2 protein chains.
Amino acid sequence: MISNKRRESAKRIRQAAKKLFFTQGYDATTLRQIAFEAGFKVGSLYNHIDSKEDLLLQIMGSVIDDLNERVREAVAAAEGDTIERLRAGLAAHLAFHAERAQEVFIGNTELKSLSEEARSSITQKRLEYESYLGDLIETADAAGLADTIDTKLHVYSFIAQATHIASWYRPDGRLSLEEIVEIYTRFALREIGVFSDN
Amino acid sequence: MISNKRRESAKRIRQAAKKLFFTQGYDATTLRQIAFEAGFKVGSLYNHIDSKEDLLLQIMGSVIDDLNERVREAVAAAEGDTIERLRAGLAAHLAFHAERAQEVFIGNTELKSLSEEARSSITQKRLEYESYLGDLIETADAAGLADTIDTKLHVYSFIAQATHIASWYRPDGRLSLEEIVEIYTRFALREIGVFSDN
DNA sequence: GTCTATATTGCGATAGAC
DNA sequence: GTCTATCGCAATATAGAC
């Protein structure tokens, strides 16, 4: 049971860091603040982390992988034609960015705070994700179900919108998560010229 | 002529700060780096600025005002119907974000680094700008020339895309500024359901 | 107005008692 | 594994010679 306690402490520290990095930024956040928020003294943190950057890496590390997995699963599980698969992928893409807004925001904002090595590994994963979204779009176009303009810019557009959502979404806002996802999905389908009632 | 030299020095310092804040972020940038980049020693900076935050304020301060002015002028100068005016406004909105990418990026990224007072003054200006864009969209819809879905989210969408452009645009990239502006303008008009060949 | 030198503060990280 | 105490360093900002 000792190791469960250890894991809980580490999680509490990550949660505190996530919150503070999100609101203040990585550089402006001190380990003393993180320790206080997690209920520790500074020195104790080092029983659970290697360094401050290690903490940032832990937070950023899983986000891209999870996003990739979530969207691919949604596409695979979708029933219907190419457009339905694309729609399911976009919905998953958008919902993920809202649901995990803080991590997503940190991931998009603090790339510059990582060491060169860590940064390039994450950049590589992002490029692969962009490429996957691009394939979804081109498949729809090739099937004659959409009238795209520029694949790469469509991808950028979808990423920009989702990233932006991560910066303002609140669960108690004017629109529910489902409504936001539905509206932005319609935006996306309109943008790539899908021929149906959107 | 002495005061011209003063102004040039101040400008060099702002330029250096702009570049460094853009690439490293405000907190990660030191006054020593800014001084070096501008060709001064640290102490000399204080003959031209009050503080580090003052420098950030100088940079962020004019961006929103300039954007607002630029877009309103473009709309006023546009010839043609409501859609043409909207199109001109969107093109100015997009071009501004690309042309002044560094300042725009800093303005969108470092709001958290400002003191409460400075931050709220800028937030207020942004809300007014969003409101202006919303009016343009609603006018087109009310004239029966578009089929909008949700005004506020359309505005967010346009801001998200332009902001994103500011983070990747390079003058020597695959697409020229004119091409980027044209493509994103078509995206926008499609998104709000303008009935014409876009 | 620029420089060197320094005051002051607070950071990330470590040592060692309990 | 947590704490207190502290190291070593670099930050913003200031003082005062030139």
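In what follows, every chain begins at residue 1, and chains take the letters A, B, ... in the order their sequences are listed. Computed from a prediction, not measured in an experiment: that's the story for all the values here.
Taking only side-chain atoms of B/Lys41, from C-beta outward, the nucleotide of C/dT4, D/dC3, C/dA13 with the closest atom is C/dT4. Distances from the side chain of A/Phe40 to the nucleotides C/dC3, D/dC3, D/dT14 place D/dC3 closest. Side-chain proximity of B/Arg6 to the nucleotides C/dT14, C/dG1, D/dG1 is greatest for C/dG1.
Annotation for A/His97 and A/Val104: closest pair CD2-CG1, 3.4 Å, computed over non-hydrogen atoms.
Between B/Arg70 and B/Glu99 a salt bridge is recorded (basic side-chain N to carboxylate O distance below 4.0 Å). Salt-bridge annotation for A/Arg87 and A/Asp81: absent, with no side-chain N of the basic residue lying under 4.0 Å from a carboxylate O of the acidic one. A salt bridge links A/Arg100 with A/Glu103: at least one charged nitrogen is closer than 4.0 Å to a carboxylate oxygen. Here B/Lys52 does not pair with B/Asp27 in a salt bridge; the nearest charged N to carboxylate O distance is not below 4.0 Å.
Using modelled atom types, one finds no donor on one side chain facing an acceptor on the other under 3.5 Å when comparing B/Tyr184 with B/His164.
In this structure, the CD1 atom of A/Ile49 is 10 Å from the C1' atom of C/dG12, given to the nearest Å. Across the protein-nucleic acid pair, A/Lys5 atom NZ and D/dG1 atom P stand 10 Å apart, rounded to whole Å. Straight-line distance from the CD1 atom of B/Ile34 to the P atom of D/dA11: 11 Å, rounded to whole Å. The distance between atom CG of B/Leu45 and atom C1' of D/dA11, rounded to the nearest whole Å, is 13 Å. Put simply, NZ on B/Lys52 is 15 Å from C1' on C/dT9, counting in whole angstrom units. Put simply, NE2 on A/His48 is 16 Å from C1' on C/dA13, counting in whole angstrom units. B/Leu31 places its CG atom 16 Å from the C1' atom of C/dT6, with the value rounded to the nearest Å. The nearest whole Å value for the distance from the CG atom in A/Asp54 to the P atom in C/dG12 is 14 Å.
Around NZ of A/Lys112, the count of heavy atoms belonging to other residues, nucleotides or ligands within 6.0 Å exceeds 12.
Between A/Arg32 and C/dG10 there is no side-chain N or O to OP1 or OP2 distance below 4.0 Å. Put simply, B/Ser44 has a side-chain N or O that comes within less than 4.0 Å of OP1 or OP2 on C/dC3.
When the nearest nucleotides of DNA chain D are assigned to A/Ser9 and B/Tyr46 by heavy-atom distance, the more 5′-ward of the two goes with A/Ser9.
Residues from residues 12-30 of chain B placing a heavy atom under 4.0 Å of any atom in DNA chain C do not occur.
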